[in-house]
Asker: 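This is the structure I have questions about; it appears just below.
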Amino acid sequence: MTLWSGRFSSSMDATLWDLSESYSFDHVLYHHDIMGSKAHVRGLEVAGLLNSEEVTALLGALEDIEAEFDRGVFVRSGSDEDIHTAIERRATEMLGETGAKIHTARSRNDQIATTMRLFTREALGDVASLVLEFVEALRRLGEANEDAVLPGYTHLQRAQPVLLSHHLDAHAWALLRDVDRLLDARRRLNVSPLGAGALAGTSLGIDPAFSAGLLGFREAFANSMDAVSDRDFVAEALFDVALLGVHLSRMGEELVLWTSAEFNFASLGDEYTTGSSMLPQKKNSDVAELARAKAGRLIGNLTSLLVVLKGLPLSYNRDLQEDKEPLFDSIRQVRLVLAALTGAYSSLEFHADVAATAASDSYLVAIDLAEGLVREGVPFRQAHERVGQLVAEALVLGVPLVDLVQASDDLARFADLFEPGASLVHRSSPGASGPLARSIQRDRLGSEVERLRGRLTLEGAPA
Ligand code: ARG
């Protein structure tokens, strides 16, 4: 029997059933759905719609049902369309009439909106905390290779030598913005839709603020129609995860390059690489390739939800059921990538000698030469021109730039800029990649990590 059999004379066609049932994927919401139902039951008591025996019985049944799910022994009945119907059906089976009261003053529309917010709130916190662990792995790698230098690139052409720690921190800053964004989304979604009913509230005198408080929501909805039709929080979560995925994808691409024989800047631990079924010598960075690839799916999930939402008339529409699989998938995928990349970077061996050789390419000092002239009062454009001529000459003659500098009258005094590390030492401006600016950045990054850890725990704990 369906929840609405009163009005209907024939049962649903099997094709519609197959199209519309969502239990097959939304059963994973059982914990959050039961959380919402418990708060609802207590709200019904305060409103005088349930007596205390009924409340005790219902709360007990909900706990038993949750335990059945936890142990994997919950049995779906053929008529359980979604997680909500399954739980209500089971409660009614256990308690008879009392169970049949659980859906008083509630619709699945406010119920699913509540459940999804509770699920997403927890998931965003979990992802944020995995990102922070990943950032820690990057910081450890930078610290373990404190003096390591590599070429910094623009247009994938060698540009200037940079510290490995500075390079890794560049990724870390992007990831910390992701954490901040995930926590912003979590703060914004922390509003309870419970009590909005199907779309317009109820005449039964329940207090949405009461259940909101029990569920650790900051407040209850202001508008019942908005409450049941709003999935902005899912779209935001999907965007935040997609952008995080884009950052992880860029890192994946970089790891693919670094671990290639052409770059040879790094190797990953055997436990984070794969072999080839045919070519015995192969050691492949599949972890990095999959990190690179998953962004496609994360972006796809965001796109699919936005397209579902566009053009929907107020208020609840069944289309909204399509919010779940993209969200579940994105959360699952990004967690897989974060966990594997954290391990992969922890296993990474940086080939400091190879990277240093690449960074000692004498053309990378060209800007330092020009800046040396500028410090002596030469206008920058003239300094640039002069060094540019010298570079052109070196290219034509096929000799290292430093040889021409040593041989020239006007530049020979700058030859010591070509000593290993000299270019970095001079680069002391705030936020620059040099040892002097380095310690300031390290502290700043550390404070940001602490601030975000505070946000994660303080704002996250439901009452
Ligand atoms: N499974 C539904 C969803 O995910 C629950 C709400 C159903 N509401 C309805 N009026 N059919 O959106």
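Order of appearance sets the numbers: ligands from 1, and atoms from 1 within every ligand.
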Asker: Could you report the tightest heavy-atom contact between Leu175 and Leu244, atom names first, then the distance?
Answerer: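 Scanning both residues, the minimum pair turns out to be CD2-CD1, 3.7 Å.
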
Asker: Among side-chain atoms of Glu122 and His31, is any donor-acceptor pair under 3.5 angstrom?
Answerer: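 Glu122 vs His31: no donor-acceptor pair found between side chains.
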
Asker: Write out the residue and atom name of the closest protein heavy atom to atom 7 (C) of ligand 1, then the distance separating them to 0.1 Å.
Answerer: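 Its nearest protein heavy-atom neighbour is Tyr316 OH, 3.4 Å.
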
Asker: Show which atoms of ligand 1 fall inside a sub-4.0 Å distance from at least one heavy-atom site of Asp82.
Answerer: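 Per the distance check, 1 (N), 2 (C), 5 (C).
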
Asker: If we ignore hydrogens and angles and just use 3.5 Å, is the side chain of Arg117 paired with the main-chain N or O of Leu189 as donor and acceptor?
Answerer: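 Here the side-chain-to-backbone pair exists.
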
Asker: Gln321 heavy atoms, cut-off 4.0 Å: which ligand 1 atoms fall inside?
Answerer: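 Answer for ligand 1: 1 (N), 2 (C), 3 (C), 4 (O), 12 (O).
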
Asker: Can you tell me which residue pairs pass the side chain to side chain donor-acceptor pair (under 3.5 Å) test with a partner in residues 139-155, sequence neighbours excluded?
Answerer: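 Pairs touching residues 139-155 that pass the test: Glu136-Arg139.
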
Asker: Taking only heavy atoms of Ser22, which atoms of ligand 1 are found under 4.0 Å from at least one of them?
Answerer: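 Those qualifying, in numeric order: 1 (N).
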
Asker: Tell me which protein heavy atom sits closest to atom 11 (N) of ligand 1, plus the residue, atom name and distance to 0.1 Å.
Answerer: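 Of every protein heavy atom, Arg108 NH2, 3.5 Å lies nearest to atom 11 (N) of ligand 1.
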
Asker: Who are the side chain to side chain donor-acceptor pair (under 3.5 Å) partners of Asn223, not counting sequence neighbours?
Answerer: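 For Asn223 there are no side chain to side chain donor-acceptor pair (under 3.5 Å) partners, ignoring immediate neighbours.
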
Asker: Would you kindly check if the NZ (Lys) or CZ (Arg) of Arg108 is within the cone defined by 45 degrees around the ring axis of Tyr316 and under 6.0 Å from the six-membered ring centre?
Answerer: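 That pair does not qualify as a cation-pi contact.
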
Asker: Record the part of Lys324 in heavy-atom contact with ligand 1 below 4.0 Å; permitted values are side chain, backbone, both and neither.
Answerer: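 Lys324 to ligand 1: side-chain contact only, backbone stays beyond 4.0 Å.
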
Asker: Give the residue and atom name of whichever protein heavy atom lies nearest to atom 8 (N) of ligand 1, and the separation in Å to one decimal.
Answerer: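 Result: Asn109 OD1, 2.9 Å.
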
